[in-house]
Amino acid sequence: MTNKTIRWGIIGCGAVTEIKSGPAFQKADGSQLVAVMRRNGDLARDYAQRHNVPRWYDNADLLINDPEVDAIYVATPPSTHKEYTLKAAQVGKPVYVEKPMALNYADCLEMIAACEKAQVQLFVAYYRRALPRFAEIKRLLAKQAIGDIRAVNISLFQKPSPADLGGEYNWRVDPATAGAGYFFDLASHTLDLLQHFLGPITEANGIAVNQAGYYAAEDTVGASFAFGNGVLGTGLWCFCAADNVDRTEIVGSHGKIVFPTFMELPVVIERGGQVEELVIPHPEHVQQPLIQMITNQLLGLGKCPSTGRSGAMTSLVMDTILGKVVNV
């Protein structure tokens with residue numbers, strides 16, 4: 001990119017874009033949100049008016065081919081991520097795609113290949129990589145604040161929502177639209193963060209079941225995995241539990257770090273018999289730090305830590321845990 005400002009277009013201006021991401025495209029330096037698209041034109045127009053966006057569409061192809069749009073943010077459910085990424089690549093536009101990157105690892109590889117062939121950059125919205133609290137955890141691990149890393153353990157339990165209990169349609173638990181329910185939607189963030197901290201997960205096994213029967217997707221997943229550096233990990237995700245638990249523990253030779261992926265609770269560091277709590281709040285628009293990094297990279301001013309290749313690795317790990325890896 002040679003522009004001094006990246007002009008963004010959003011495909012799928014739904015709930016995730018209201019606060020988490022949409023305003024960040026307007027507030028990031030060198031970035032401007034110029035167009036939005038939603039299949040319901042009335043909702044697209046409403047979003048554009050409320051967020052001071054100059055143009056709106058009810059057809060994704062029109063937005064993708066808008067000559068005044070430099071880069072595309074795909075904020076639709078996972079089932080359409082590949083389609084829109086390939087279309088954007090065909091017209092030479094960089095893509096920032098929501099997580100999980102696609103329905104499966106094979107689709108991720110197609111997206112990467114298309115963008116590389118078109119020589120456009122591809123990014124994935126694992127925005128926790130750029131948030132200050134997780135940057136501090138990465139810094140602590142890098143300086144061996146808890147010694148050599150030995151193991152990690154993930155526990156994420158959630159009560160079923162009233163909508164799920166009532167059998168209401170929710171695309172996040174529709175395998176055809178979202179892949180593997182809340183496991184894909186939420187576990188992906190933690191697994192991606194851990195690979196950001198510790199390097200690639202090279203082995204994984206898992207068991208996935210539907211225990212409660214509220215919807216078609218898996219609601220409980222257990223896994224064991226290993227990183228390339230020898231660190232071992234376990235995880236248990238249950239979305240039909242009695243209580244909410246959000247805890248990831250990184251165990252070192254001289255202590256441990258405990259943190260939540262989603263709840264805004266303190267990061268706890270235990271070492272030498274001492275306990276320290278770090279309170280590091282999230283910014284108002286949680287995707288803004290990553291969007292700033294993406295914009296900087298597109299302008300030749302920096303580097304973003306969440307790319308198509310890193311996003312695909314997270315999808316590969318999840319597919320492997322679920323036993324759904326296909327020949328690629």
Side-chain angles (χ1 to χ4, degrees), residues 6 8-38 40 43-44 46-53 56 63 71-81 84-85 94-102 122-135 156 158 161 163 170-173 177-179 181-182 184-193 196 244 246 259-265 280-298 304-307 310-311 314:
I6 304 300
W8 287 93
I10 298 178
I11 298 176
C13 51
V16 72
T17 70
E18 288 288 347
I19 297 174
K20 289 184 177 181
S21 60
F25 289 100
Q26 296 164 313
K27 295 183 177 182
D29 294 335
S31 172
Q32 183 180 5
L33 180 58
V34 300
V36 295
M37 172 270 167
R38 196 164 181 176
N40 183 315
L43 294 177
D46 174 70
Y47 185 99
Q49 291 173 345
R50 288 186 293 104
H51 291 274
N52 297 312
V53 180
W56 60 270
L63 183 143
I72 309 295
Y73 169 41
V74 179
T76 58
S79 57
T80 53
H81 288 181
Y84 293 137
T85 297
V95 186
Y96 175 45
V97 64
E98 264 301 331
K99 42 59 55 186
M101 184 174 164
L122 175 60
F123 308 95
V124 183
Y126 286 115
Y127 57 85
R128 283 173 169 77
R129 288 183 174 227
L131 286 173
R133 72 157 52 200
F134 300 116
L156 183 67
Q158 289 189 352
S161 71
N170 178 356
W171 66 259
R172 286 180 173 81
V173 292
T177 303
Y182 295 122
F184 261 25
D185 188 36
L186 300 175
S188 59
H189 272 299
T190 309
L191 292 168
D192 184 79
L193 263 179
H196 181 53
N244 295 327
D246 179 8
F259 64 91
T261 302
F262 304 99
M263 297 178 182
E264 284 203 67
L265 300 174
I280 306 174
H282 292 324
E284 179 184 5
H285 310 295
V286 290
Q287 292 203 29
Q288 187 168 344
L290 187 67
I291 288 169
Q292 187 66 70
M293 290 179 175
I294 293 169
T295 300
N296 289 348
Q297 181 166 328
L298 292 176
C304 173
S306 185
T307 66
S310 66
T314 298

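Counting begins at 1 with the first residue of the sequence.
- We find the CG-CD distance between N52 and Q26 to be 6.5 Å, quoted to the nearest 0.5 Å.
- Side-chain atoms of Q287 do not come within 3.5 Å of backbone N or O of A24 as any donor-acceptor pair.
- Just one residue in the list Y73, Y127, Y96 forms a side-chain hydrogen bond (donor to acceptor under 3.5 Å, both in side chains) with S21, and that residue is Y73.
- Atom CG of L131 sits about 14.5 Å away from atom OH of Y126, to the nearest 0.5 Å.
- Remark: side-chain polar atoms of T177 are not paired, donor with acceptor, to backbone N or O of S79 under 3.5 angstrom.
- The two residues K20 and V16 make their nearest non-hydrogen contact at CB-O, 3.2 Å.
- Of the possible donor and acceptor atoms, none in the side chain of D185 sits under 3.5 Å from a partner among the backbone N and O of R172.
- Contact detail for V124 and G311: the closest heavy-atom pair is CG2-CA, 4.1 Å.
- Here the straight-line distance linking atom OG1 of T261 with atom CZ of F134 works out to 5.5 Å at 0.5 Å rounding.
- Shown here are the ring pair (Phe, Tyr, Trp, His ring centres under 6.0 Å) partners of H51, two or more places apart in sequence or in another chain: Y47.
- Remark: the backbone N or O of P305 is paired with a side-chain donor or acceptor of R129 at under 3.5 angstrom.
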- Message: Set out, in order, the CA-CA distance, both residues' side-chain angles and the distance that settles side-chain contact (heavy atoms from CB on, under 4.5 Å) for L63 and Y84, then state yes or no.
- Response: CA-CA 11 Å; L63 183 143; Y84 293 137; over 6 Å; no
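- I10 is not listed as a side-chain neighbour of M37, based on a closest heavy-atom distance of 4.5 Å or more.
- Between atom OG1 of residue T17 and atom CD1 of residue I11 there is a gap of 12.5 Å, rounded to the nearest 0.5 Å.
- Remark: N296 CG to C304 SG distance equals 9.5 Å, nearest 0.5 Å.
- F123 has its side chain within reach of Q297: a pair of non-hydrogen atoms, C-beta onward, lies under 4.5 Å apart.
- E264 places no side-chain N or O within donor-acceptor distance of the main-chain N or O of P281, the cut-off being under 3.5 Å.
- Closest approach of H81 and A102 over heavy atoms only: ND1-N, 4.2 Å.
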- Message: Could you go through T295 and D29, starting from their C-alpha distance and side-chain angles, then the distance that decides it, and tell me whether this counts as side-chain contact (heavy atoms from CB on, under 4.5 Å)?
- Response: CA-CA 8 Å; T295 300; D29 294 335; over 6 Å; no
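- Note: W8 and F25 have tilted aromatic rings, judged against thresholds of 30 and 60 degrees for the angle between ring planes.
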- Verify side-chain contact (heavy atoms from CB on, under 4.5 Å) between L156 and L186, making sure each step is shown before the conclusion. CA-CA 9 Å; L156 183 67; L186 300 175; 3.9 Å; yes
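- With a 4.5 Å cut-off on side-chain heavy atoms, T85 and L122 count as touching.
- Closest non-hydrogen pair, G22 versus L33, comes out as O-CD2, 3.9 Å.
- Across all their heavy atoms, A130 and P289 have their closest contact at O-CB, 3.5 Å.
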- Message: Please determine whether side-chain contact (heavy atoms from CB on, under 4.5 Å) holds for the pair T314 and K99, giving the CA-CA distance in whole Å, both sets of side-chain angles, and the decisive distance to 0.1 Å.
- Response: CA-CA 10 Å; T314 298; K99 42 59 55 186; over 6 Å; no
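- From S306, atom OG reaches atom NE2 of H196 across 9.0 Å, with rounding to the nearest 0.5 Å.
- Look at D192 and R128 and you find no salt bridge, because none of the NZ, NE, NH1 or NH2 atoms lies under 4.0 Å from a carboxylate O.
- Using a distance-only test at 3.5 Å, with no hydrogens or angles considered, a donor-acceptor pair links the side chain of R133 to the main chain of L265.
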